[in-house]
Amino acid sequence: MGSSLLILIIAVAIFVGIASKKFYDRPYIVNFGIAVMMALLVIQTFQMTPIGGLGYAAIILCSIAFVFQLVMGIKNLKTVSQ
């Protein structure tokens, strides 16, 4: 599970990098991709055996980034669809 999660994180990061150039006119795709990547990073951090202060900081910051990217993606999706 651990190695497949890391491969999935890398794959999503590559997708976000490519999507930021290819889907410039549809920013919601990039926002949702970043949100997925933040969620995967939170899951990966929870799997760490002793979670230290840096781990808790990563969980908090990635959770906040997940919420912001999700909200921005929804707003961009509504703007594009109008």
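- Atom CE of Met38 sits about 13.0 Å away from atom CG of Leu70, to the nearest 0.5 Å.
- For the pair Val42/Phe46, a side-chain contact is recorded, criterion being any heavy-atom separation below 4.5 Å from C-beta on.
- A distance of 11.0 Å separates CG of Leu8 from OG of Ser3, quoted to the nearest 0.5 Å.
- Leu41 contributes atom CG, which lies 9.5 Å from atom CG of Leu6 (distance to the nearest 0.5 angstrom).
- Between Ile74 and Lys78 the shortest side-chain heavy-atom distance falls below 4.5 Å.
- Listed by first and then second residue, the side chain to side chain donor-acceptor pair (under 3.5 Å) pairs that reach into residues 7-19 come to none, sequence neighbours excluded.
- The hydrophobic cluster containing Met37 also contains Leu77, counting ILVMFWY residues as joined when their side-chain heavy atoms lie under 4.5 angstrom apart, directly or transitively.
- Once rounded to the nearest 0.5 Å, the distance linking CG of Leu5 with CG of Leu40 reads 6.0 Å.
- Checked against side chain to side chain donor-acceptor pair (under 3.5 Å), Asn76 has the following partners two or more places apart in sequence or in another chain: Asn31.
- Grouping Ile, Leu, Val, Met, Phe, Trp and Tyr by side-chain contacts under 4.5 Å, direct or through others, leaves Tyr24 on its own.
- Grouping Ile, Leu, Val, Met, Phe, Trp and Tyr residues whose side-chain heavy atoms lie under 4.5 Å apart, directly or via other members, leaves Met72 alone, with no other cluster members.
- Of all the heavy atoms in Phe66 and Ala35, the pair that sits closest is CD1-O, 3.0 Å.
- For Val71, the side chain to side chain contact (heavy atoms under 4.5 Å, CB included) partners two or more places apart in sequence, or in a different chain, are Val67, Lys75.
- More than 12 heavy atoms of other residues, nucleotides or ligands shown are found within 6.0 angstrom of CZ on Phe23.
- Note that CD1 of Ile34 and SG of Cys62 are 12.0 Å apart. Values are rounded to the nearest 0.5 Å.
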Which side-chain N or O atoms in residues 11-20 pair as donor and acceptor under 3.5 Å with protein atoms at least two apart or in another chain?
{"from": "Ser20", "atom 1": "OG", "to": "Val16", "atom 2": "O", "distance (Å)": "3.4"}
{"from": "Ser20", "atom 1": "OG", "to": "Gly17", "atom 2": "O", "distance (Å)": "2.8"}

